[in-house]
Every structure is written in structure tokens, then in C-alpha cells.
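Data block below; observations after.
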Amino acid sequence: MQNKLVLGALTALNLLTPSVRAEDEPCLAVAKLQQKAAKGVEVPRPYDAAYLVQFDAETAYKCITSVPFNKDAAAKVIEISKSYFQFHSTLAYLKDPPASYQQESVDVMSKLDEFSTKAKNGDYKNLYEFDVDFYRLAQATHESHFSKDSHVLGLFRWTLDDTIVSVSTDGKALPQVYAASDISNNVNSPSAIVELGGQSVYSYLQGYLKNFTANGLIEPHADFNALMYNTGLEFASWAQSSDASMAPTAFKTTPIYNGKSLKGKFANGSDFEWAYRAGSNANMTLNQFFSGQDIYDLKVVKTNSTSSDDSTVETKRRKKRSYNPDVKLVKRADSSDDEVAVPYSAWPTNPIVVQDNFTYGGTVSGYYFDENQLGVLSIPSFDTDENSSETFDLAVASFINQTRSRGAKRIVIDLTGNGGGTLWMGYDTFRHFFPKKVPNLLWRTRAHNALNVLGSVLAWNGAQNTSYEDVPDINYEYGSKPDLTKFSSWKEFYGPRELKGDNFTSTATYDFSDKKLAGELGFYLAGYGDNIPDYDEAFPAENIVLLVDGGCGSTCASFSTLMKHVANVRTVAVGGIPEYGPMQGVASTRGSMMREWNYFGDAITYIRSILDTIDESDKKDTYSKIGVSSTDIDNLPKALADSPWTVDGAINMFDTLQAGNQDTPRQFLYEASACRIFYTGEMIRDVSKLWQAAGTIAGGDNSTCVSGSQNAVGSKPLTFITDSPGFSYSELWSRANSTDVPNVKTDENSSNSSNSTEDSAASSYRVGLPLAVVAIAATLLL
Ligand SMILES: *[C@@H]1O[C@H](CO)[C@@H](O)[C@H](O)[C@H]1NC(C)=O
Ligand SMILES: *[C@@H]1O[C@H](CO)[C@@H](O)[C@H](O)[C@H]1NC(C)=O
Ligand SMILES: *[C@@H]1O[C@H](CO)[C@@H](O)[C@H](O)[C@H]1NC(C)=O
Ligand SMILES: *[C@@H]1O[C@H](CO)[C@@H](O)[C@H](O)[C@H]1NC(C)=O
Ligand SMILES: *[C@@H]1O[C@H](CO)[C@@H](O)[C@H](O)[C@H]1NC(C)=O
Ligand SMILES: *[C@@H]1O[C@H](CO)[C@@H](O)[C@H](O)[C@H]1NC(C)=O
Ligand SMILES: *[C@@H]1O[C@H](CO)[C@@H](O)[C@H](O)[C@H]1NC(C)=O
Ligand SMILES: *[C@@H]1O[C@H](CO)[C@@H](O)[C@H](O)[C@H]1NC(C)=O
Ligand SMILES: *[C@@H]1O[C@H](CO)[C@@H](O)[C@H](O)[C@H]1NC(C)=O
Ligand SMILES: *[C@@H]1O[C@H](CO)[C@@H](O)[C@H](O)[C@H]1NC(C)=O
Ligand SMILES: *[C@@H]1O[C@H](CO)[C@@H](O)[C@H](O)[C@H]1NC(C)=O
Ligand SMILES: *[C@@H]1O[C@H](CO)[C@@H](O)[C@H](O)[C@H]1NC(C)=O
């Protein structure tokens, strides 16, 4: 690890200590403890501080719960939240999901009203409690694109000194939960954990998911995996940038206080107790967070990291990528003398390719196993920035070139831990494997008045000389109709179509024969322009498998959808609750595009500014030409800068739709993987063992698939159900550790396969996915 930042060498605490503080002020105590703990500790990357500079768990809890609550400010924040959450695409389906959806329903808007009532009634004792309610709301949506930034939650993280992992002794026997240290250290006959917190291990874990996590996952097996130690998941979370965090998995660390320690019992009768320690990425001393009131004043009311007044649309607007049709693929990302490897001992150290700046913005690596001609492409994230999109593309191209040259007979694309990234990279990777197949996924969003007003004003020619393309989601010219013709107007795109007691826009897709789109990242996506592979398909589809752990979402979901539904590639899921049967492996958000509230906030500020330039005398005429009223404009969400507390959040902008069903977003369909395998201890210690298990399946041998995990409903391309797959979320949990083989619906007996409702355009085009940006799991503040 390079780039070490050395904390510590701390002196003169007294210098930093304001004279007027009471000695028992918990936040002051935390500041002192943090300074002391930082002494001599090396923090490789800034965001690792929360895990490396640790202090007393309970003092941190006392500090965070001492941040005062202000009910009037809170009421305003809730109102603003409601006005931005109306852009979230799936509100109606979350409220009343089809039986295929494995999680509970939630009525987002009435939850927000509940919070409002609680605030008015004085039911929140402190700001932390308020934040926890929002965190639980985000959790209840099981949607990683849905979030509201916390105000104080996340200031501290509480981390255990060990964690858990679930492994099978031989890949066939039901897994048991173990201390991760026992499995990593390969101790002799480790004893499984049978109790946690005085409850049976499985009921504790189910409760833990409810009380402490917001994983944004739609599948119980995926929820379970998110708690387990997993280097793939950890690497996926921090590899993208040089300041990302070590990101231990969701059981080892929590932003919600869970006491000073966790007690448990092993099957051999021994008890254990793991301590929680607190840590923070905020330097309490530097930020002068010496009391709850300080935190409220300096962080909640105004953050000094971001200035609040430079929020002109111009400066805040997303940086535009320039289109350069002349860009040439000159760099090769082949491994060279200075190659690096994934910095976990479980990973092979001899990749055949790593992306430029690997682990510092680059995440893609490739491996080859001569003995069985197995190539493995590891893509823990699709997240890229202006510098790493092209090097990502080059790494994938180099992997395919090298494995084809070596005559690879089977290919595993490891997507474990991949929560998404830059949407175009999903399309690009698909097209490297299948350059001749048309990648047109279908998408749409929620149609409501605020969107209509924004779209109408932006489409008005008086607004057109501005950077209209900077808000592509609200630009009817950016997408195309499913038959690849253009929408003729905003009105035609907007619709609306009434469904489920709500309204939705027309269905759209992206047309990459438009060179502007295919070259938007500054180079052509594979199969377009000058980036044309010299093969029709890199490998036959039956020799490729996608390896997923349930965490695949957003761009990863879009990529998987193309690979499965367009190219017929199989998906292998790994892990899950210890029981037999199928698992959905693509179970983080299946929405294609996350947008932060500011995306809309900026557009609103911008349209207000251009409407303000219209002469009073012309207003009436112009408004009627645009098709809006002054009330419409007044009713648009308030600018985020008008919030009493610094606030931002995110929503899912676009649903993806399955060809054959334009009623129900893919997010709510049940779609099993073709096969499921269990982790073994060996796979945890050596990920190449996991790849070999998936590689066997790519080679056509399904014998490693666990009982009852094949042919389950939704596992075949272009199949789906909206009714129950044969079990519910709580049934799956109640079957944990039972050796019964479940009676699951299969694709063969599912009547809904390829159910086509008024959908001719879509079915003639098969799947088509949307474009865009990052989808990483709900982030906390800081
Ligand atoms: C906080 O910042 C001060 C001043 O830069 C520095 O000396 C100290 O090491 C930092 N403390 C931690 C915990 O990072
Ligand atoms: C019971 O199992 C645990 C976990 O493997 C181990 O740490 C402990 O030493 C064992 N206790 C006895 C008495 O063998
Ligand atoms: C799971 O079942 C096995 C076999 O019946 C048993 O030995 C083990 O204790 C069970 N584990 C838990 C956590 O209940
Ligand atoms: C979760 O919260 C519920 C209700 O407060 C409680 O009964 C349960 O024990 C908690 N579970 C865990 C694992 O914290
Ligand atoms: C926050 O503001 C304080 C006081 O003005 C200043 O000392 C500190 O450096 C600022 N912290 C950051 C992270 O900008
Ligand atoms: C790679 O990282 C170095 C140093 O961190 C940086 O200067 C360079 O711009 C990066 N290159 C790319 C292509 O991102
Ligand atoms: C990309 O690289 C350039 C030149 O090295 C650098 O100035 C810029 O900050 C980098 N961008 C990102 C997002 O890292
Ligand atoms: C790999 O790339 C080289 C150089 O571009 C090319 O000559 C060769 O044909 C490629 N090999 C395969 C199998 O595509
Ligand atoms: C369009 O551009 C012209 C010239 O740059 C400018 O004067 C005018 O105000 C702009 N119109 C709007 C609506 O921004
Ligand atoms: C859908 O939109 C139409 C036209 O704007 C409107 O009349 C109708 O009330 C809306 N339906 C719902 C459920 O919002
Ligand atoms: C393995 O499963 C796939 C479907 O997932 C099937 O097409 C193939 O025939 C199976 N192979 C064998 C040898 O059973
Ligand atoms: C197709 O789906 C609709 C609802 O989405 C349902 O009413 C209908 O019965 C289904 N048709 C078939 C043939 O399954």
C-alpha cells in the first residue's frame, strides 16, 4: 500500500481544549480519546481512520446522542425530503408489491408523515434517533438507489474485533456460521456459532438485518451474504479510489450502536464475547466537535467541508465528458513489471491483466488457469471516473484477447460485491463479449407534476441554449422509443401511463447507433466507432458464467440482464442462508440510474432563473406556450440550500423493464440464478477455489449446484414471475439449517414465462438497458 497518511504525533491536547467545556462532556472525551488513539497509528488511506483509530464504544454513543434535536428544523427537512422522494420511481410498487417480491412493503410517503408527527410530538430525544428512522426507511425500500444523507448517523462506526462467515465443509453439506478468524486461520475442527446475543444464531441475524443494516437488497439470501466476511465484497467497496474505506462487511461494523460487546456461544459449549470499538472519519479536534451542540452547529446546520453558497447551477453541474471521435485505443492495460494484485492474501498474485492504477481507481483484473483452460475476469465494481473508464475498457479487451489467444474453454466473470457504477461500462463490457448483439434494455420513470414541469420547461426552446444535455434524464431527446425511433416531444415521452394507482412515463431505450451516445465517455464503447472487436462473440455463451453473491445491482444488474437475457449466459449464485434451493443472485437494485436530489434541485434552480428573465408582461403567454402555470413553478421542490440542515439524498430514477412485461419493474420480479453453490472454508482462504467451482459449471458440469437450485423460476432467459416463487422471506429464514429440499416453482411449470402484455415493440427488440452513473450502496454522510 502506497500513499500512507500518518496520523498521530499528537501533542499539546490542552492547546486544542476550549476552556469552557465541562470535563464530562462526552464529545470532548471522544476528541481526547481519538487523539490519543491516533498516536503512532498509520492510516493507509484517509477513510480507513474509522477502523484504525479506535476508542471507547459507549463514550462515542453518549456523544452522538447528545446532539440536540430541533423539531421545527426537522419538520422542514421532512417536507423537503418528501418533495424529492416523489422522483423515486417505485413508490407505488413498494407500497403494494407483487407476490414475487421477497421483502415487505413500505409506504414511503406515509412513513415520512409519521416522522413528521413524531417530530411535532417531541418523540425524538436527539438527532441520532431521527437519523435512525430515516436509515430504517431507506432499509425498508431495499433499494440501494434510495437514501437520505444522515445528519449525525455515520459520524461514528462501531466495529467488532472478529466477525462471522458461513461455510460448508465440502460444498454439499449445509453451511454453518463460524468465527471468521477460525476460517481465515484454518484452525483445526472449528466449532460453529449456535447463539448470538442470547438468541439462536439465525434469529439473531434476521433481527440484526432489521435493526442495523440498510443493504438495499431484495433477496433474503443476499441479505445473509451481506453480513458475512468476504474479501470480494470488501475489495469492491474500497478499490475504486485512493481514499475509499476499508469497508468491513455489515456485521463487523455498524453505524448504529449495538452495545459495548456481542456475546455468543459455540456448538462445543464455549462462550465468547467480542468487543465493539468506535471510530470516526471525522477528526473531532480539527473540526472542533467538542460537544453535541458543536456538532449540531458546525456539521448539521452548516458543514465546513462544503460551502453552501456557491450553488449556482453552472458550478455545480455535472462535468461534461467531451466527445472525441478521434480517440484511439493506444494504451494496453496488460500486466507489466509494476503489476499489483488484490491486496488480500486470499487472492492470486499473478493476474494476466490489471486495470491501470489498480486499487487506486482501477478495479478490473484477470486470471488464467492453464490446467483447465479457465479464464477469470474479476469486476468488483463498474465505477469509473473520467480517467478510468477507458482503462477499464482496455483491461476487459486485454483479458479477452489473452484468454482467446490461450484457447480458454471456460470463462468466469466474478461480479461478487459489485453494486454498480458507470452504466456505460456495463454496456461496454457486454459488447466486448458479444459485439454483434443489440443491448437495448427498456426503462421508464415515474410521471408526476414536478417532473412534467421540469421536462416541459427544459424542452422549451427558450431554455435550449443552455446545457440541456446536462440533465439527460429529463431530456426527451436522450433516449429513444423501443423501436429506436425518436420521441417527437417531451409530451410524448412523458405520457403518462396510469398503472398501480400511479403514473409512469413512456418506455424508452438507448440507441447507441447514435455516435454521440456511444462516444460519450471520450472513447467508443466496444462494438461502436473505432472500437470494433475482430470476432462476433468472444466465447460461446454456454462457456461463460457470471458469478454473483446477491449484491449485484444497478449497472451490475444491467450488465447481467444483457448477458442473460440477450446473450443467454448463465448466472451462478454463491452463499445465502444455510438451506437448499435457489437464490436470486442479482438482488441489489435493478433500477438503472441513481440520481442525487441535487440533480433535480439544480435543474429547478436553473429553470427558475431562466423563467425569471421573462418579462412580467410576457409571462402569461410564455407559460401557456410551455404548458405550465405559475402555481406549478411555485410548487416545485425547494432548493436544498433552503433547508435548515445541510441535506441531500438520492432516488432511483429509472426502472428497468423485462421484455414481455412493461407493467412491473424488474426490481419486483423473482428471477433465480441458474445454479447456486455454497462457500467452503477453502474458498474464503483462496478465491481461486471459488472460481474453480464456478468454472466447473461453465465447463458444463452442474454437479456442484446445490440441491434444488437449478431450473427454478426465472432462471431461464426472458422468463419471470410476478406471483410467489413458492416461498416468502420469513419462510426462507425459518428454514435456515433445515435439510429439507424446497418445493420451488420451475420455469417449466410457470405460466407467466414470456407473458406478453401489449408489448410488441419490446419483444421485437429484446432487452435494452439504460445509461448512466454510479449506484453504490446507500452511503452515509462524511
Ligand atoms: C486531527 O488533526 C490534527 C491537526 O491536523 C492532527 O494533529 C491529528 O493527528 C488528527 N487526529 C486524528 C485522529 O486524525
Ligand atoms: C470451541 O470452539 C471455539 C471455536 O472454534 C474455540 O475457539 C474454542 O477453543 C473451543 N472450545 C473448546 C473447549 O474446545
Ligand atoms: C444445524 O444443524 C446441525 C445438524 O442438525 C446441528 O448440529 C447444528 O447445531 C445446527 N446449527 C444451528 C446454529 O442450529
Ligand atoms: C432487533 O430489535 C427488536 C425490537 O426492538 C428486538 O426484539 C431484537 O432483539 C433486536 N435484534 C437484534 C439482533 O438486535
Ligand atoms: C472546519 O472549521 C474549523 C473552524 O473554522 C477549521 O478549523 C477546520 O479546519 C475546518 N475543518 C475542515 C475539515 O474544513
Ligand atoms: C493514476 O494515479 C496517479 C497517482 O495516484 C495519478 O497521477 C494518475 O492520474 C492516475 N492515472 C489515471 C489514468 O487515472
Ligand atoms: C484525472 O487525471 C487528471 C490528470 O492526471 C487529474 O487532474 C484529474 O484530477 C483526474 N480526475 C479524477 C476524477 O481523478
Ligand atoms: C490480440 O491482440 C493482438 C494485437 O492487437 C492481435 O494481433 C491478436 O489477433 C489478438 N488475439 C486474439 C485472439 O484476438
Ligand atoms: C440564450 O443565450 C443568449 C446569448 O448567449 C442569452 O442572451 C439568453 O439570455 C439565453 N437565453 C436563456 C433563456 O438563457
Ligand atoms: C395520472 O395523470 C393523469 C394526467 O395528468 C391524471 O389525470 C391522473 O389523475 C393521474 N393519475 C394518478 C393516479 O396520479
Ligand atoms: C447444466 O445446466 C444447464 C442449465 O442451467 C443445462 O442447459 C445443461 O444441460 C446442464 N448440464 C448438464 C450436464 O446437465
Ligand atoms: C400475464 O400477466 C398478466 C398480469 O401482468 C396476467 O393478468 C395474465 O394472466 C398473464 N397471462 C398469462 C398467460 O400468464
Side-chain angles (χ1 to χ4, degrees), residues 57-58 61 103-104 118 123-125 128-129 132-133 135-137 139-140 153 158-215 220 223-224 226-229 249-276 575-581 678-681 684-685 706-707 729-730 732-742:
E58 197 179 16
Y61 179 63
Q103 300 279 9
E104 283 173 24
K118 275 175 84 171
D123 290 346
Y124 292 111
K125 289 195 294 289
Y128 170 82
E129 285 187 358
V132 168
D133 262 357
Y135 185 77
R136 297 237 161 92
L137 173 63
Q139 173 202 47
L153 188 70
W158 288 272
T159 304
L160 286 170
D161 50 18
D162 200 348
T163 187
I164 53 175
V165 69
S166 162
V167 295
S168 159
T169 46
D170 57 3
K172 286 287 178 203
L174 284 183
Q176 305 284 311
V177 175
Y178 296 92
S181 57
D182 274 0
I183 301 305
S184 316
N185 300 335
N186 199 10
V187 304
N188 247 334
S189 356
S191 185
I193 295 172
V194 291
E195 266 180 43
L196 284 171
Q199 305 173 29
S200 91
V201 62
Y202 300 110
S203 54
Y204 185 83
L205 294 180
Q206 196 180 350
Y208 184 92
L209 281 162
K210 263 214 135 73
N211 299 358
F212 297 102
T213 70
N215 295 326
D223 269 346
F224 181 88
L227 300 180
M228 302 294 145
Y229 171 71
T249 39
F251 191 77
K252 187 171 169 73
T253 187
T254 166
I256 296 179
Y257 185 59
N258 189 23
K260 292 157 75 104
S261 68
L262 176 65
K263 292 180 176 149
K265 195 188 265 313
F266 292 111
N268 66 9
S270 297
D271 295 319
F272 63 91
E273 179 169 6
W274 294 337
Y276 273 108
I577 301 169
E579 64 186 88
Y580 298 114
F678 289 148
Y679 284 106
T680 63
I684 299 298
R685 291 185 292 273
V706 307
S707 200
Y729 185 93
S730 56
L732 285 186
W733 274 100
S734 67
R735 290 161 39 90
N737 205 31
S738 138
T739 51
D740 298 349
V741 177

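Indexing begins at 1, ligand by ligand and atom by atom, following the structure's order.
- Close contacts between ligand 3 and Tyr202 involve ligand atoms 13 (C) [criterion: under 4.0 Å to a heavy atom].
- Heavy-atom minimum distance, Ser168 versus Phe678: CB-CB, 3.9 Å.
- Atom 9 (O) of ligand 3 has as its closest protein heavy atom Val194 CG1, 4.0 Å.
- For Lys263 and Asp271, the salt-bridge test fails: no basic side-chain N is under 4.0 Å from an acidic carboxylate O.
- Atom 7 (O) of ligand 2 has Phe266 CE1, 4.4 Å as its closest protein atom, hydrogens excluded (heavy atom only).
- The two residues Ala179 and Trp274 have their closest heavy-atom pair at CB-CZ2, 3.8 Å.
- The aromatic rings of Phe272 and Phe266 sit tilted, their planes meeting at an angle between 30° and 60°.
- No donor-acceptor contact under 3.5 angstrom links the side chains of Asp740 and Tyr580, judged on distance only.
- Here Ser270 has side-chain heavy atoms under 4.0 Å from ligand 2, and that is the only part of it that gets that close.
- Atoms of ligand 2 lying under 4.0 Å from any heavy atom of Pro190, numbered from 1 in the order shown and given with element: 5 (O).
- Within ligand 4, the atoms closer than 4.0 Å to a non-hydrogen atom of Phe212 are 14 (O), numbered from 1 in the order shown.
- The NZ atom of Lys265 sits 8.5 Å away from the OG atom of Ser270 when rounded to the nearest 0.5 Å.
- The protein heavy-atom contact nearest to atom 5 (O) of ligand 3 is Asn737 ND2, 4.9 Å.
- At the shortest separation from atom 8 (C) of ligand 4 among protein heavy atoms lies Asn211 ND2, 3.7 Å.
- Across the listed options Asn268, Val187, Asp271, Asn268 owns the non-hydrogen atom lying nearest to atom 12 (C) of ligand 2.
- Within the 4.0 Å heavy-atom cutoff, Gln199 counts among the residues contacting ligand 4.
- The atoms of ligand 4 that sit less than 4.0 Å from any heavy atom of Tyr208 are 13 (C).
- Here the heavy atom of the protein found nearest to atom 13 (C) of ligand 3 is Val201 CG1, 3.4 Å.
- Within ligand 3, the atoms closer than 4.0 Å to a non-hydrogen atom of Gln176 are 1 (C), 8 (C), 10 (C), 11 (N), numbered from 1 in the order shown.
- Aromatic pair Tyr128/Tyr61: centroids less than 6.0 angstrom apart.
- When all heavy atoms of Pro255 and Leu153 are compared, the closest pair comes out as O-CD1, 3.3 Å.
- For Asp182, a nitrogen or oxygen atom sits less than 3.5 Å from a nitrogen or oxygen atom of ligand 2, counting backbone and side chain alike.
- Of all heavy-atom pairs between Val201 and Ile193, the closest is CG1-O, 3.6 Å.
- A salt bridge is defined here as a Lys NZ or Arg NE, NH1 or NH2 lying under 4.0 Å from an Asp or Glu carboxylate O, and Lys260 with Glu273 fails to meet this definition.
- There is a protein heavy atom less than 4.0 angstrom from atom 2 (O) of ligand 2.
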